Amino acid sequence: MAKDRKLSSDERILWGRVARSTRPMPGKTDELTALDAFLLEAEAAAEQEKAEKQKTASPQLQQPAPQMPAKQPSGVHHPLERPVKRKIAKGKLALEARIDLHGMVQSEAHSFLLDFLIRAHERGMRHVLVITGKGSSMGSEGALKRAVPLWFSKPEFRFLISSYESAAQHHGGEGALYIRLSRRSGETS
C-alpha cells in the first residue's frame, strides 16, 4: 500500500472507531479531535442524505405509518429473580457465554463488553457471565467492578440488558455478574 495514499471516507470512519477504542499517545489528541469532527460531519451528511431520500420518495410511501406504541427501555434494571439466580448458580440454567475483563483498562473493557453483549443479544442468548474481578489485588476499589453496573444504565447498553446481579461464589462472587439479556424484538418467551 502506498505510504501517502489518502483514506477513503469509509476507511477513515473505520479508523476513527478503532482509534476511539485506544488511549491516544501524548501530543496526538489533536488528531483524535480532528477525527471526531470528521465523524460528526460524516454522520450529518448521512442524515441529510437520508432526509433527502425520504423527501423524494413516492407520495404513497410518505403516508404516516399507524402509530404503534414504541416500547422504550425504562433504564432501570431489576435484579434477577431469586429462583432464576438459584438455577444459574446450581447449573440448572446454563450460562451461554462469558467474558473476562481482568487486566483491561476501562475504555478497553467498555468496548469489549459492548461488542460481547451485542453479539450475544444478536444470537438470542439470555444468560451470560461478565467477570469484572474484585479489584482488591493492589489495594484499589476495583474500577471495573464499580464501572460496569454504571455502564448498564447508558443508552448503548440499556436495550441489551434485562437484569443483572452478582454471581454465586463459584462463578466469581462479587467479582462477576450474571446478566440476563433482553429479548430481541419480535421474540416471545
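All residue numbers in this chain count up from 1 along the given sequence. Being a predicted model, the structure only gives us computed values, none of them experimental.
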Value for CG (Leu80) from NZ (Lys87), rounded to nearest 0.5 Å, stands at 12.0 Å

Flag the pair Leu160 / Leu114 as yes when at least one side-chain heavy-atom distance between them is below 4.5 Å, and no otherwise.
yes

For Pro149, give me all partners under side chain to side chain contact (heavy atoms under 4.5 Å, CB included), at least two apart in sequence or on another chain.
Tyr164, Leu177

Donor-acceptor contact present, side-chain Glu165 to main-chain Pro79, <3.5 Å:
no

Can you tell me how far CZ of Phe152 sits from OG of Ser163, rounded to the nearest 0.5 angstrom?
10.5 Å

Scan the side chains in residues 98-106 for donor-acceptor partners under 3.5 Å anywhere in the protein, sequence neighbours excluded, and list what turns up.
{"from": "Asp100", "atom 1": "OD1", "to": "His102", "atom 2": "N", "distance (Å)": "3.0"}
{"from": "Asp100", "atom 1": "OD1", "to": "His102", "atom 2": "ND1", "distance (Å)": "2.5"}
{"from": "Asp100", "atom 1": "OD2", "to": "His102", "atom 2": "ND1", "distance (Å)": "3.2"}

Approximate separation, where rounding is to 0.5 Å, of Lys90 NZ and Lys85 NZ:
13.0 Å

Just how far is it from atom NZ of Lys145 to atom OG of Ser166, taken to the nearest 0.5 Å?
7.5 Å

Cluster overlap Val130 with Phe159, hydrophobic side-chain contacts below 4.5 Å
yes

Is it the case that over 12 heavy atoms from other parts of the model lie below 6.0 angstrom from the CZ atom of Phe116?
yes

Side chains of His171 and Leu95: closer than 4.5 Å at any heavy-atom pair?
yes

For the hydrophobic clusters of this structure (ILVMFWY residues joined by side-chain heavy atoms under 4.5 Å, transitively), does one cluster hold both Ile179 and Met125?
yes

Do any N or O atoms from the side chain of Glu96 and from the backbone of Val128 form a donor-acceptor pair under 3.5 angstrom?
no

Criterion side-chain contact (heavy atoms from CB on, under 4.5 Å) on Tyr178 and Val84, from CA distance to verdict
CA-CA 10 Å; Tyr178 293 139; Val84 173; over 6 Å; no

With sequence neighbours excluded, tell me which residues meet ring-ring contact (aromatic ring centres under 6.0 Å, His included) with His110.
Trp151, Phe157

To the nearest 0.5 Å, tell me how far His121 NE2 sits from Ile161 CD1.
10.0 Å

Under 3.5 Å, is there a donor-acceptor pair between the side chain of Arg158 and the main chain of Ser153?
yes

Would you confirm whether Thr132, through its side chain, and Gly175, through its main-chain N or O, come within 3.5 Å as a donor-acceptor pair?
yes

Cluster question for you: counting only ILVMFWY and a side-chain heavy-atom cut-off of under 4.5 Å, with indirect links fine, are Leu144 and Leu113 together?
yes

